[in-house]
Amino acid sequence: MKALDELTFDNRFARLGDALSTHVLPEPIAEPRLVVASPAAMALLDLDPAVAETPVFAELFSGHKLWAEAEPRAMVYSGHQFGVYNPQLGDGRGLLLGEVYNEAGEHWDLHLKGAGQTPYSRMGDGRAVLRSSIREFLASEALQALGIPTTRALCVIGSSTPVWREKQERAAMLLRLSPSHVRFGHFEYFYYTKRPEQQKALGEYVLAMHFPECLEQPEPYLAMFREVVERNAELIAKWQAYGFCHGVMNTDNMSILGITFDFGPFAFLDDFDAHFICNHSDDQGRYSFSNQVPIGQWNLSALAQALTPFISVEALRETLGLYFPLYQAHYLDLMRRRLGLTTGEDDDQTLVENLLQLMQNAGVDYSLFFRRLGDHAPELAVTRLRDDFVDIKGFDAWAERYCARAARDGDNDQARRRIRMHAVNPLYILRNYLAQKAIDAAESGDYAEVRRLHAVLSDPFTEQPGMERYAERPPEWGKHLEISCSS
Ligand code: AMP
Ligand code: MG
């Protein structure tokens, strides 16, 4: 265990120089107070969870104090937003404080979100409000617990500093941990500004830090791109299998590591709806739930374009072609597991598609369906779930096929099936209305609900006594919350 002042910094990105980032000091927020901290994220830095309660913790993560070895930098990048190229983005309200190594030798970027204005803030105030900081905190730690690759959140610090959005709110800061903050948009920035030297410096940094095995390959950049394609195919398969809607899949929000990155108006599906749009500024539904799959490929092509100085167009095209088959294989594998199947059959894809269509028609709760399917042996489980559907004949036909399929599967012992299914089908997910209730309490100064919700979501597969209300379907009001993008 380390004390807060014992972190080991080695700020390699800062050393790449001013072409890639700019030195900016955090602007403190007033009367900082701990809203919530993640003991699991603190463990990544070898920190004792008890230090979260010390005054210096809140001071460090609200811009009042800085480690002597920290070198706060705002990174420059660009990217495609809703399909349109924006030539200059960059950290407008977040700073890379430095790069820290833990005792296991793992590398973590410390990024302070909401740290004030930077050269890339344009018209923005550089701040993050309490509500969006809590949402990012809960989502990153919840995704992690579900086994979905993501950036992590160490803590949220609240304040009395006013900020204006649609109404007056309070500023907060979130400390984000990630092995890297390099986005697709970083590569796009140096490509479109025609600066091959800087792009090379960025590429070499990313290869050395995050893809060292690719350096052994005859074409390191191609090997890296292939890895990025593979990781994104797997990530998006997980989003689709677990009903996670990102909401703003702009290329500046896509991590080079293929992890969930930048949380805005995200949502987990309540009722299954393939066409669900969680971002109410997304009029065209570009980032609707089902569109996340082709958008993943679109974003990878944008990255491919930016990598043309390093890799031949033919090789890029061929590698991009891997995305969809890989996505499908991962997705089908996850859905089989969610259905309790341990083997594969040719018709499984259809079995999944038919089920989703029936769920779509009836507005069945996506997460609870799979959880309940594992509660009992297939025949009894489908009988209990039947009333949730509208097309009963259709469901019965599906159920008959499912039960026969389950019977042909290797392992039919119900005790084992239940354990196997409950280990992949969460009981607790971060429903928008649960986050909203916790936010409402936090905005009036009561952080107990945020902390409780975080604790429940940290162990989503295990039934927790007394926490039944976190496993319920949302009330009607909770299904139609509009989450503002102005975070
Ligand atoms: P996002 O939608 O959060 O991915 O942000 C897109 C761009 O807008 C990034 O360059 C952000 O740094 C910038 N940005 C978002 N919110 C603010 C803000 N409150 N102040 C300054 N820049 C911001
Ligand atoms: Mg962003």
Side-chain angles (χ1 to χ4, degrees), residues 20-22 24-27 29 63 72-97 109 111-137 139-140 150-151 153 156 159 161-174 176 178 180-190 192-193 245-257 259-267 277-283 286-287 292 295 299 302-303 483-487:
L20 283 89
S21 65
T22 306
V24 183
L25 285 173
E27 286 172 49
I29 45 178
R73 313 281 299 187
M75 291 170 141
V76 61
Y77 48 83
S78 62
H80 281 83
Q81 298 182 306
F82 289 89
V84 178
Y85 186 65
N86 184 335
Q88 176 128 32
L89 291 160
D91 289 336
R93 54 154 167 178
L95 296 173
L96 177 63
L97 294 181
D109 278 2
H111 176 99
L112 191 59
K113 194 163 176 179
Q117 287 181 314
T118 77
Y120 315 111
S121 300
R122 290 168 299 166
M123 307 299 279
D125 59 11
R127 293 303 187 195
V129 295
L130 181 62
R131 112 186 104 76
S132 65
S133 307
I134 291 174
R135 279 173 52 83
E136 171 153 352
F137 177 90
S140 13
T150 177
T151 58
V156 174
S159 80
T161 300
V163 284
W164 285 94
R165 295 297 182 258
E166 280 95 9
K167 57 182 185 355
Q168 197 196 76
E169 300 191 43
R170 301 290 166 189
M173 290 192 197
L174 172 124
R176 178 162 70 194
S178 178
S180 174
H181 278 77
V182 174
R183 306 145 190 259
F184 289 11
H186 273 92
F187 286 94
E188 291 181 281
Y189 178 74
F190 293 107
Y192 287 105
T193 55
C245 206
H246 181 284
V248 204
M249 287 174 72
N250 294 334
T251 56
D252 55 302
N253 291 338
M254 300 299 291
S255 158
I256 198 72
L257 301 182
I259 65 180
T260 315
F261 196 88
D262 256 12
F263 296 84
F266 70 85
I277 302 166
C278 63
N279 181 351
H280 80 241
S281 331
D282 184 5
D283 305 322
R286 179 180 171 87
Y287 300 138
Q292 296 190 125
I295 287 292
N299 287 342
L303 176 63
I483 302 302
S484 164
C485 218
S486 62
S487 53

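Order of listing sets the numbers, starting from 1, for every ligand and every atom in it.
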So for Arg122, does at least one of its heavy atoms come nearer than 4.0 angstrom to any atom of ligand 1?
yes

Looking only at N, O or S atoms in Asp262, which is nearest to the Mg ion (ligand 2)?
OD2

What I want to check is whether the side chains of Tyr192 and Ser78 have a donor and an acceptor closer together than 3.5 Å.
no

Can you confirm, on distance only, whether ligand 1 has an N/O atom lying under 3.5 Å from any N/O atom belonging to Leu89?
no

Pull out every atom of ligand 1 sitting under 4.0 Å from any heavy atom of Arg165, numbered as shown with elements.
19 (N)

For Tyr287 and Phe82, run ring-ring contact (aromatic ring centres under 6.0 Å, His included): C-alpha distance rounded to whole Å, both residues' side-chain angles, the deciding distance at 0.1 Å, then the answer.
CA-CA 8 Å; Tyr287 300 138; Phe82 289 89; 4.9 Å; yes

Answer with yes or no whether Glu136 contacts ligand 1, where contact means a heavy atom under 4.0 Å from a ligand atom.
no

Which ligand 1 atoms does Asn253 reach within 4.0 Å, using its non-hydrogen atoms?
4 (O)

I'd like to know: is the Mg ion (ligand 2) within the 2.8 Å range of an N/O/S atom from Asp252, strictly under that distance?
no

Would you indicate which of Gly90, Gly124, Ser132 comes nearest to atom 11 (C) of ligand 1 when only heavy atoms are counted?
Gly90

Hey, does the Lys NZ or Arg CZ of Arg176 hover above the aromatic six-ring of Phe137, less than 6.0 Å from the centre and inside 45° of the axis?
no

Salt bridge check: are Asp262 and Arg183 linked by an N-O gap of less than 4.0 Å?
yes

Can Gly264 be said to touch ligand 1, with heavy atoms closer than 4.0 Å?
no

Measuring only between side-chain heavy atoms, which start at C-beta, is Val182 closer than 4.5 Å to Phe187?
yes

Are any of the heavy atoms in Val248 under 4.0 Å away from ligand 1?
no

Has ligand 1 got any nitrogen or oxygen that is less than 3.5 angstrom from a nitrogen or oxygen of Arg127?
yes

Part of Arg183 with heavy atoms under 4.0 Å of ligand 1, whether side chain, backbone, both or neither
neither

Only one of Val248, Leu89, Thr260 passes side-chain contact (heavy atoms from CB on, under 4.5 Å) with Asn253, and that residue is Val248

Could you tell me whether Asp125 approaches ligand 1 through its side chain, its backbone, both or neither, with non-hydrogen atoms closer than 4.0 Å?
both

Taking the six-membered ring of Phe266 as reference, does the NZ or CZ atom of Arg135 fall below 6.0 Å from its centre and within a 45° cone about the axis?
yes

Contact atoms of ligand 1, heavy-atom distance to Asp262 under 4.0 Å
4 (O)

If only side-chain N and O atoms count, and only distance matters, is there a donor-acceptor pair under 3.5 Å linking Thr251 with Tyr85?
no

From the Mg ion (ligand 2) out to just under 2.8 Å, does an N/O/S atom of Asn250 turn up?
no

Option with minimal heavy-atom separation from atom 22 (N) of ligand 1, where the choices are Gly79, Gly92, Gly126
Gly92

Would you please say whether a donor-acceptor pair under 3.5 Å links the side chains of His80 and Glu188?
yes

Check whether any N or O atom of Asp91, backbone or side chain, sits under 3.5 Å from an N or O atom of ligand 1, and answer yes or no.
no

Side-chain heavy atoms of Gln292 within contact of Met249, under 4.5 Å
yes

Do Arg73 and Leu95 have side chains that approach each other closer than 4.5 Å (heavy atoms only, starting at C-beta)?
no

